[in-house]
Amino acid sequence: MAYWLFKSEPGTWSWTQQKKKGAKGEPWDGVRNYQAANNMKAMKRGDKGFFYHSGKERLIVGIVEVIGEYRPDITDEKGIFGLVDVKAVKDVPNPVTLSAVKANTKLNEMVLVNNTRLSVQPVRGSEWSRICKMGGVTE
DNA sequence: GCCAACGTTGGC
DNA sequence: GCCAACGTTGGC
(Lines give C-alpha, C1' and ligand atoms only; values in the text may rest on other atoms or scores of the structure.)
Protein backbone atom coordinates (compact mmCIF):
# COMPACT_ATOMS: atom_id res chain seq x y z
CA MET A 1 0.00 0.00 0.00
CA ALA A 2 1.19 3.49 -0.81
CA TYR A 3 0.90 6.59 1.31
CA TRP A 4 0.11 10.15 0.30
CA LEU A 5 -0.51 13.63 1.62
CA PHE A 6 -3.40 15.83 0.54
CA LYS A 7 -3.08 19.52 1.16
CA SER A 8 -6.05 21.81 1.57
CA GLU A 9 -6.81 25.33 2.65
CA PRO A 10 -9.31 24.84 5.48
CA GLY A 11 -11.22 27.87 4.19
CA THR A 12 -11.75 26.03 0.90
CA TRP A 13 -12.14 22.42 2.03
CA SER A 14 -11.56 21.47 5.65
CA TRP A 15 -11.13 18.24 7.56
CA THR A 16 -14.45 18.92 9.29
CA GLN A 17 -16.19 19.07 5.91
CA GLN A 18 -14.41 15.93 4.76
CA LYS A 19 -15.52 14.04 7.87
CA LYS A 20 -19.13 15.11 7.33
CA LYS A 21 -19.07 13.26 4.00
CA GLY A 22 -18.43 10.04 5.89
CA ALA A 23 -18.02 6.78 4.02
CA LYS A 24 -19.31 8.29 0.75
CA GLY A 25 -16.20 10.42 0.57
CA GLU A 26 -15.63 13.35 -1.72
CA PRO A 27 -13.94 13.92 -5.08
CA TRP A 28 -10.59 15.65 -4.63
CA ASP A 29 -11.24 18.12 -7.42
CA GLY A 30 -9.56 21.34 -8.44
CA VAL A 31 -6.02 20.04 -8.90
CA ARG A 32 -4.45 21.83 -11.86
CA ASN A 33 -0.89 20.68 -11.57
CA TYR A 34 0.63 17.80 -13.51
CA GLN A 35 2.86 16.54 -10.74
CA ALA A 36 -0.05 16.41 -8.33
CA ALA A 37 -2.25 14.78 -10.98
CA ASN A 38 0.43 12.17 -11.68
CA ASN A 39 0.51 11.31 -8.01
CA MET A 40 -3.24 10.81 -8.08
CA LYS A 41 -2.92 8.59 -11.16
CA ALA A 42 -0.62 6.34 -9.18
CA MET A 43 -3.13 5.90 -6.36
CA LYS A 44 -4.93 2.65 -5.75
CA ARG A 45 -8.11 1.94 -3.86
CA GLY A 46 -7.22 1.44 -0.23
CA ASP A 47 -4.16 3.71 -0.24
CA LYS A 48 -3.97 5.99 2.79
CA GLY A 49 -3.20 9.67 2.99
CA PHE A 50 -2.66 12.44 5.46
CA PHE A 51 -5.04 15.39 5.37
CA TYR A 52 -3.01 18.59 5.81
CA HIS A 53 -4.34 22.07 6.53
CA SER A 54 -2.24 24.70 4.78
CA GLY A 55 -2.36 28.44 5.38
CA LYS A 56 -2.60 29.61 8.97
CA GLU A 57 -2.82 26.18 10.59
CA ARG A 58 -0.10 24.16 8.86
CA LEU A 59 -0.74 20.79 10.45
CA ILE A 60 -1.68 17.21 9.68
CA VAL A 61 -5.16 16.76 11.12
CA GLY A 62 -6.54 13.54 9.71
CA ILE A 63 -6.20 10.34 7.75
CA VAL A 64 -8.07 9.62 4.54
CA GLU A 65 -8.41 6.59 2.31
CA VAL A 66 -8.59 6.47 -1.47
CA ILE A 67 -11.96 4.97 -2.36
CA GLY A 68 -12.07 5.82 -6.07
CA GLU A 69 -9.18 5.77 -8.50
CA TYR A 70 -8.21 8.44 -11.04
CA ARG A 71 -11.01 9.70 -13.26
CA PRO A 72 -11.75 12.95 -15.14
CA ASP A 73 -12.37 16.09 -13.10
CA ILE A 74 -15.52 17.57 -14.61
CA THR A 75 -14.74 20.94 -13.03
CA ASP A 76 -11.77 21.21 -15.42
CA GLU A 77 -13.30 22.79 -18.51
CA LYS A 78 -10.21 21.95 -20.53
CA GLY A 79 -10.67 18.28 -19.71
CA ILE A 80 -7.01 17.79 -18.89
CA PHE A 81 -6.94 17.00 -15.20
CA GLY A 82 -8.51 14.27 -13.13
CA LEU A 83 -9.20 13.42 -9.54
CA VAL A 84 -9.55 10.62 -7.02
CA ASP A 85 -12.21 10.08 -4.37
CA VAL A 86 -11.19 10.07 -0.73
CA LYS A 87 -13.02 9.40 2.51
CA ALA A 88 -12.13 10.41 6.06
CA VAL A 89 -10.86 7.50 8.14
CA LYS A 90 -9.86 8.98 11.47
CA ASP A 91 -8.58 12.02 13.28
CA VAL A 92 -4.95 12.51 14.16
CA PRO A 93 -5.45 12.88 17.94
CA ASN A 94 -2.47 15.19 18.35
CA PRO A 95 -2.21 17.04 15.02
CA VAL A 96 1.36 17.13 13.74
CA THR A 97 2.50 20.62 12.87
CA LEU A 98 4.75 21.58 9.99
CA SER A 99 7.28 22.93 12.45
CA ALA A 100 7.34 19.59 14.27
CA VAL A 101 7.97 17.84 10.95
CA LYS A 102 10.75 20.29 10.11
CA ALA A 103 12.27 19.87 13.55
CA ASN A 104 12.54 16.10 13.09
CA THR A 105 15.73 15.23 11.20
CA LYS A 106 14.22 11.87 10.19
CA LEU A 107 11.55 13.75 8.28
CA ASN A 108 13.66 16.36 6.53
CA GLU A 109 13.44 14.56 3.19
CA MET A 110 9.66 14.82 3.13
CA VAL A 111 8.12 16.50 0.13
CA LEU A 112 6.12 18.59 2.58
CA VAL A 113 9.38 20.19 3.68
CA ASN A 114 11.16 20.35 0.33
CA ASN A 115 8.40 21.10 -2.16
CA THR A 116 5.98 23.21 -0.20
CA ARG A 117 3.83 24.07 -3.18
CA LEU A 118 2.95 20.56 -4.30
CA SER A 119 -0.62 19.89 -3.18
CA VAL A 120 -0.73 16.10 -3.57
CA GLN A 121 2.42 14.37 -2.41
CA PRO A 122 3.85 10.89 -1.92
CA VAL A 123 4.81 9.88 1.63
CA ARG A 124 7.30 7.12 2.46
CA GLY A 125 6.26 4.24 4.67
CA SER A 126 8.86 5.22 7.26
CA GLU A 127 7.60 8.79 7.26
CA TRP A 128 4.03 7.61 7.56
CA SER A 129 4.63 5.53 10.66
CA ARG A 130 6.78 8.17 12.30
CA ILE A 131 4.11 10.84 11.88
CA CYS A 132 1.42 8.44 13.06
CA LYS A 133 3.45 7.89 16.20
CA MET A 134 3.94 11.65 16.69
CA GLY A 135 0.24 12.23 16.19
CA GLY A 136 -0.88 9.49 18.54
CA VAL A 137 -2.50 7.48 15.74
CA THR A 138 -2.85 3.77 16.34
CA GLU A 139 -2.26 2.16 12.95
C1' DG B 1 1.40 41.76 3.71
C1' DC B 2 5.52 40.20 1.74
C1' DC B 3 8.23 37.37 -0.89
C1' DA B 4 10.48 33.02 -2.51
C1' DA B 5 9.68 29.09 -5.19
C1' DC B 6 7.98 27.21 -8.95
C1' DG B 7 4.81 26.09 -12.74
C1' DT B 8 2.75 27.89 -16.92
C1' DT B 9 2.28 30.83 -20.87
C1' DG B 10 3.54 33.03 -24.91
C1' DG B 11 6.79 35.46 -27.94
C1' DC B 12 10.60 34.70 -30.63
C1' DG C 1 12.81 24.73 -28.15
C1' DC C 2 14.27 28.47 -25.21
C1' DC C 3 13.47 31.76 -21.91
C1' DA C 4 11.40 35.95 -19.95
C1' DA C 5 7.22 37.39 -17.90
C1' DC C 6 3.62 36.39 -15.21
C1' DG C 7 0.49 34.17 -11.83
C1' DT C 8 -0.23 31.32 -7.86
C1' DT C 9 0.82 28.93 -3.71
C1' DG C 10 2.01 28.88 0.78
C1' DG C 11 5.32 29.84 4.56
C1' DC C 12 6.92 33.47 7.31
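Quick note: numbers below take in every heavy atom, side chains included, and nothing from hydrogens, waters or symmetry partners. What you see is a predicted model; the values in this text were computed from it and never measured.
- Of the listed nucleotides (dG10(C), dC12(C), dG7(B)), dG7(B) has the atom at the smallest distance from the side chain of Gln35(A).
- Remark: Tyr34(A) is not in phosphate contact with dC6(B), judged by side-chain N or O atoms under 4.0 Å from OP1 or OP2.
- A distance of 11.5 Å separates CD of Glu9(A) from OG of Ser119(A), quoted to the nearest 0.5 Å.
- The nearest pair of heavy atoms linking Pro93(A) to Gly135(A) is CD-O, 3.1 Å.
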Audit row: Gln121(A), Lys7(A), side chain to side chain contact (heavy atoms under 4.5 Å, CB included) steps and yes/no: CA-CA 8 Å; Gln121(A) 317 179 347; Lys7(A) 209 185 270 187; 3.7 Å; yes
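- For the atom pair Glu26(A) CD and Ile67(A) CD1, the distance stands at 9.5 Å (nearest 0.5 Å).
- Of the candidates dT8(C), dG7(B), dG11(C), the closest approach to any side-chain atom of Asn33(A) belongs to dG7(B).
- In this entry the distance linking CD1 of Ile60(A) with P of dG11(C) reads 11 Å, nearest Å.
- When each of Met43(A), Glu69(A), Lys24(A), Arg71(A) is paired with Asp85(A), the side-chain contact (heavy atoms from CB on, under 4.5 Å) condition holds for Arg71(A) and for no other.
- Backbone-only engagement by Leu98(A) is indicated by non-hydrogen atom pairs under 4.0 Å involving sugar-phosphate atoms exclusively.
- In this structure, the CG atom of Leu112(A) is 17 Å from the P atom of dT9(C), given to the nearest Å.
- Note: CZ (Arg32(A)) to C1' (dC6(B)) measures 19 Å, nearest angstrom.
- Between Ile80(A) atom CD1 and dT9(B) atom C1' there is a gap of 12 Å when expressed in whole angstrom units.
- Going from atom CG of Leu118(A) over to atom C1' of dG10(C) covers 12 Å, rounded to whole Å.
- Among the nucleotides dG11(C), dC6(B), dT9(B), the one closest to the side chain of Lys7(A) is dG11(C).
- Of all nucleotides listed (dG7(B), dT8(C), dG11(C)), dG11(C) comes nearest to the side chain of Lys102(A).
- For Phe51(A) and Trp28(A), the ring centers are positioned less than 6.0 Å apart.
- Between the CZ atom of Phe81(A) and the P atom of dG7(B) there is a distance of 12 Å, given to the nearest Å.
- Every stem involving DNA chain C, taken as at least 3 paired positions in a row under the Watson-Crick or G-U wobble test at 3.5 Å, is listed here: B:1-12 with C:1-12.
- In this structure, the CG atom of Asn114(A) is 13 Å from the P atom of dG11(C), given to the nearest Å.
- Rounded to whole angstrom, the span from the OH atom of Tyr52(A) across to the P atom of dT9(C) amounts to 15 Å.
- Distance from the side chain of Thr116(A) is smallest to dG11(C) among dT9(B), dT8(C), dG11(C).
- For an aromatic pair to be called close, the ring centres must be under 6.0 Å apart, and Phe50(A) with Trp4(A) fails this.
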